[in-house]
Amino acid sequence: MVIHTRVSPLIAPYGGTLVDLMVPAETRDDVKARASQLPSIHLSARSVCDLELLATGAFSPLDRFMGHVDQQRVLDEMRLQSGQLFPLPITLPIEASPALHLDRDIALRDTKNDLLAVMTLEEIYPWDLAEVAHKAFGTLDLRHPLVAEMHHWGKFNISGHLRVLQLPKHYDFQELRLTPAQTRARLEGFGYSNVVAFQTRNPLHRVHEELTKRAALEVGGVLLLHPVVGMTKPGDVDHYTRVRAYKSLATGYYDPHRILLVLLPLAMRMAGPREALWHALIRRNHGANHFIVGRDHAGPGNDSTGKPFYGPYDAQDLLQRYSAELGVNMVPFRELLYLPDEERYEEVSRIPSGTRTASISGTQVREQYLNPGQKLPSWFTRPEVAEILAETYPPRHRQGVCIWLTGLSGAGKSTTAEALTVLLLEHGRQVTLLDGDVVRTHLSKGLGFSKEDRDTNIRRIGFVAAEIVQHGGVAICAAVSPYRAARNDVRNLVGTDHFVEVFVDTPLAVCEKRDTKGMYAKARRGEIKNFTGIDDPYEAPENPEITLDTVTQTPADNARLILQHLLQRGFVRDQTTVGSNSGHANPVSYTS
Ligand code: ADP
Ligand code: ADP
């Protein structure tokens with residue numbers, strides 16, 4: 001008898017086999033039923049990501065959140081108790097709780113209370129923030145995003161055998177979310193034994209496309225395009241935008257026999273060199289034996305003294321050093337530049353001096369192209385990718401803005417707001433006017449003028465304004481809004497870059513003389529209590545973007561003043577330049 005065992009052409013997972021923590025389907029209902037009786041803990045978004053990658057074997061040979069001995073040896077030597085490489089601590093921090101007992105089971109749930117796993121509690125141990133920060137990240141500086149985050153973690157780690165009932169639910173891009181086993185099965189279908197993985201948390205431009213294509217040809221294999229969609233660096237382009245761009249690139253511009261796009265639900269640590277090693281180990285588990293590492297891989301930016309946390313090539317050096325043991329070859333990301341005269345990319349080292357080259361920096365992409373609504377050139381970014389980025393980052397004149405008019409009753413807020421609304425419509429913007437008096441007839445119906453009710457009224461108006469701004473509209477709000485704190489809350493809710501506070505600074509005597517609604521007279525007679533300016537305070541803004549004078553200026557003058565401010569900040573387009581591209585210099589830097 002001949003027994004055929006299928007031998008995979010791919011590199012084996014680190015440690016030989018993929019860890020699989022999923023409870024078999026037959027016993028799942030049983031374990032689930034028992035779990036409903038257990039004490040629960042709720043996992044952070046980060047721990048949910050970690051659990052998913054533990055469960056599917058992406059962290060093989062690690063099969064649990066680390067216990068004390070593993071954690072200590074990882075910090076000191078980048079090795080597990082077994083001696084196998086593992087560069088970063090993967091722990092489950094919690095606050096101490098009397099509900100937790102050693103050798104008992106606990107249920108692990110996500111923030112929505114979905115049951116994910118059962119853990120047998122084998123260890124509860126305190127951990128030392130300073131030691132972890134220093135050894136794993138090389139710094140205690142709070143500018144390091146993970147060091148800052150660790151200050152909010154629980155003071156104890158727990159560890160123990162895991163039985164995972166379900167993976168965290170994802171409703172987006174399901175066809176691209178493959179486990180290590182599924183990724184391997186798909187890669188085997190390509191028929192190559194060499195796989196080069198590319199890790200990214202950024203949109204891909206032509207230079208990345210060139211580099212990854214070259215890498216696949218160089219190793220004589222297939223490219224695993226493996227972007228992180230778990231947690232990346234705060235402020236990164238959101239993954240919905242990025243994945244739409246990756247998809248259009250992968251389907252439109254690569255040889256389909258040479259690329260596999262898979263999303264990785266990893267929670268990054270921004271740990272530079274140690275993180276590069278970790279990334280390589282994770283990719284080996286997905287079937288890759290080559291891994292591309294660029295300049296400042298997984299770098300968290302600069303520390304509080306302005307110096308980078310890690311050297312630009314520390315990550316390449318560290319992976320190089322452990323490459324043989326890890327079984328993953330380090331492919332350095334060589335710097336490529338565009339040669340406009342030859343319409344191609346070339347490695348810097350191969351460009352003769354005196355040759356004209358072109359490049360656009362990340363800051364230039366935002367400030368000189370996306371904000372003013374300039375199209376990114378096709379030598380820099382494929383048109384499909386440029387269009388997706390332009391949708392997510394519309395030009396300033398299509399971004400939302402909130403104009404908040406504050407001042408005494410009768411100051412002229414509503415009158416000015418009406419004049420401004422018409423001017424903005426004339427300039428092609430969509431406007432919603434939220435007038436305090438009007439809002440109080442529906443959204444805030446029933447609210448009075450106690451401090452509490454006024455704050456509630458302002459918060460409601462602010463909530464609606466923030467939604468409008470987020471979706472690219474102009475919200476003009478006109479409410480007395482006498483309290484500074486409430487106005488500042490709205491500013492933070494909307495986002496200060498999109499908030500224009502306008503102080504309609506009309507003296508009380510003038511408002512009282514106008515008394516269009518007869519309110520001041522009533523207030524003076526004591527028929528209305530807590531009237532702003534009479535027997536209730538008005539806290540004038542300290543640093544409003546604009547202050548209006550309604551005594552010497554007409555409503556039309558003041559509306560034009562606000563329009564001018566919006567034009568200057570780019571929220572309104574100068575009508576004389578609409579439809580032309582004149583006035584914009586070509587922001588490419590050419591050097592030779
Ligand atoms: P608020 O909304 O601040 O309570 P309104 O706009 O409802 O105030 O009332 C302001 C009154 O003052 C209106 O009757 C308006 O015609 C009059 N007014 C006189 N001059 C001005 C000015 N320069 N700007 C705004 N309103 C003015
Ligand atoms: P707030 O910002 O304080 O919630 P609104 O702008 O929503 O105020 O409403 C203020 C309007 O309600 C005033 O223009 C005035 O006509 C009327 N009003 C009635 N009672 C009072 C009061 N006690 N204080 C201020 N305005 C009052």
Side-chain angles (χ1 to χ4, degrees), residues 402-423 431-466 475-491 493-494 499-541 544 546-564:
C402 171
I403 297 132
W404 189 278
L405 297 126
T406 172
L408 297 171
S409 174
K413 301 180 296 296
S414 306
T415 309
T416 310
E418 274 167 38
L420 178 64
T421 301
V422 175
L423 271 189
V431 183
T432 302
L433 177 56
L434 297 166
D435 187 286
D437 282 322
V438 181
V439 169
R440 282 176 175 278
T441 65
H442 44 79
L443 186 63
S444 288
K445 195 169 174 179
L447 290 182
F449 289 89
S450 65
K451 176 159 194 314
E452 202 187 359
D453 277 8
R454 284 180 195 252
D455 282 350
T456 304
N457 181 39
I458 295 312
R459 266 203 304 275
R460 287 184 190 172
I461 297 175
F463 174 83
V464 177
I476 303 180
C477 308
V480 174
S481 45
Y483 302 113
R484 208 172 278 146
R487 291 193 305 263
N488 283 338
D489 286 348
V490 176
R491 178 186 286 272
L493 188 67
V494 171
F499 190 77
V500 181
E501 188 173 22
V502 180
F503 178 25
V504 186
D505 187 12
T506 309
L508 176 64
V510 176
C511 297
E512 199 165 352
K513 194 150 148 257
R514 286 180 187 162
D515 207 6
T516 36
K517 301 175 213 160
M519 293 273 201
Y520 283 98
K522 282 188 187 158
R524 288 290 183 197
R525 291 197 298 269
E527 290 163 23
I528 306 177
K529 290 277 177 256
N530 306 327
F531 197 84
T532 306
I534 306 296
D535 54 352
D536 213 61
Y538 177 79
E539 300 171 2
I546 301 174
T547 300
L548 298 183
D549 172 351
T550 69
V551 176
T552 64
Q553 306 294 308
T554 68
D557 291 338
N558 283 331
R560 271 195 298 274
L561 201 73
I562 301 173
L563 180 72
Q564 206 52 46

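Just follow the structure's listing: the first ligand is 1, and inside any ligand the first atom is 1. From a predicted model like this one, the values you see are computed outputs, not experimental measurements.
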Subject >> Under the salt bridge (Lys or Arg N to Asp or Glu O under 4.0 Å) test, residues paired with Arg459 that sit two or more places apart >> reply: none
Original post:
So is Arg440 actually on top of Phe449's ring, under 6.0 Å and inside 45° of the axis?
Top reply: yes
Subject >> Which segment of Phe449 sits under 4.0 Å of ligand 2 when only heavy atoms are counted >> reply: side chain
**OP:** Go through the side-chain N and O atoms of Asp505 and Thr547 and say whether any donor and acceptor fall under 3.5 Å apart.
**Re:** no
**OP:** Could you list which atoms of ligand 2 come closer than 4.0 Å to a heavy atom of Asn530?
**Re:** 22 (C), 23 (N), 24 (N)
Subject >> Thr554-Asp557 side chain donor-acceptor pair, cut-off 3.5 Å >> reply: yes
**OP:** Could you tell me whether Pro482 approaches ligand 2 through its side chain, its backbone, both or neither, with non-hydrogen atoms closer than 4.0 Å?
**Re:** side chain
Subject >> Spatial distance of atom NZ (Lys451) from atom CG (Asp536) [nearest 0.5 Å] >> reply: 10.0 Å
**OP:** Just jot down the ligand 2 atoms closer than 4.0 angstrom to any heavy atom of Ser481, in number order.
**Re:** 1 (P), 2 (O)
Original post:
For the residue pair Leu405 and Ala417, what are the closest heavy atoms and their distance?
Top reply: CD1-CB, 3.8 Å
Subject >> Per-atom contacts of ligand 2 with Ile458, taking only distances under 4.0 Å to non-hydrogen atoms >> reply: 2 (O)
Short N or O separations between ligand 1 and the protein, below 3.5 Å:
from: ligand 1; atom 1: 2 (O); to: Ser414; atom 2: N; distance (Å): 2.9
from: ligand 1; atom 1: 2 (O); to: Ser414; atom 2: OG; distance (Å): 2.7
from: ligand 1; atom 1: 3 (O); to: Ala411; atom 2: N; distance (Å): 3.2
from: ligand 1; atom 1: 3 (O); to: Gly412; atom 2: N; distance (Å): 2.9
from: ligand 1; atom 1: 3 (O); to: Lys413; atom 2: N; distance (Å): 2.8
from: ligand 1; atom 1: 3 (O); to: Lys413; atom 2: NZ; distance (Å): 2.8
from: ligand 1; atom 1: 4 (O); to: Gly410; atom 2: N; distance (Å): 2.7
from: ligand 1; atom 1: 6 (O); to: Ser414; atom 2: N; distance (Å): 3.4
from: ligand 1; atom 1: 6 (O); to: Thr415; atom 2: N; distance (Å): 2.9
from: ligand 1; atom 1: 6 (O); to: Thr415; atom 2: OG1; distance (Å): 2.5
from: ligand 1; atom 1: 8 (O); to: Gly412; atom 2: N; distance (Å): 3.1
from: ligand 1; atom 1: 12 (O); to: Arg514; atom 2: NE; distance (Å): 3.4
from: ligand 1; atom 1: 12 (O); to: Arg514; atom 2: NH1; distance (Å): 3.4
from: ligand 1; atom 1: 20 (N); to: Arg514; atom 2: NH2; distance (Å): 3.4
from: ligand 1; atom 1: 23 (N); to: Thr550; atom 2: O; distance (Å): 2.9
from: ligand 1; atom 1: 23 (N); to: Gln553; atom 2: O; distance (Å): 2.7

**OP:** Show which atoms of ligand 2 fall inside a sub-4.0 Å distance from at least one heavy-atom site of Asn457.
**Re:** 1 (P), 4 (O), 7 (O)
**OP:** Would you kindly check if the NZ (Lys) or CZ (Arg) of Lys522 is within the cone defined by 45 degrees around the ring axis of Phe531 and under 6.0 Å from the six-membered ring centre?
**Re:** no
Original post:
Under 4.0 Å from any heavy atom of Lys529, which atoms of ligand 2 are there?
Top reply: 23 (N)
Subject >> Between CD1 on residue Ile403 and CD1 on residue Ile546, distance to nearest 0.5 Å >> reply: 8.0 Å
Original post:
Near Glu527 CD, under 6.0 Å, is it more than 12 heavy atoms from other residues, nucleotides or ligands?
Top reply: yes
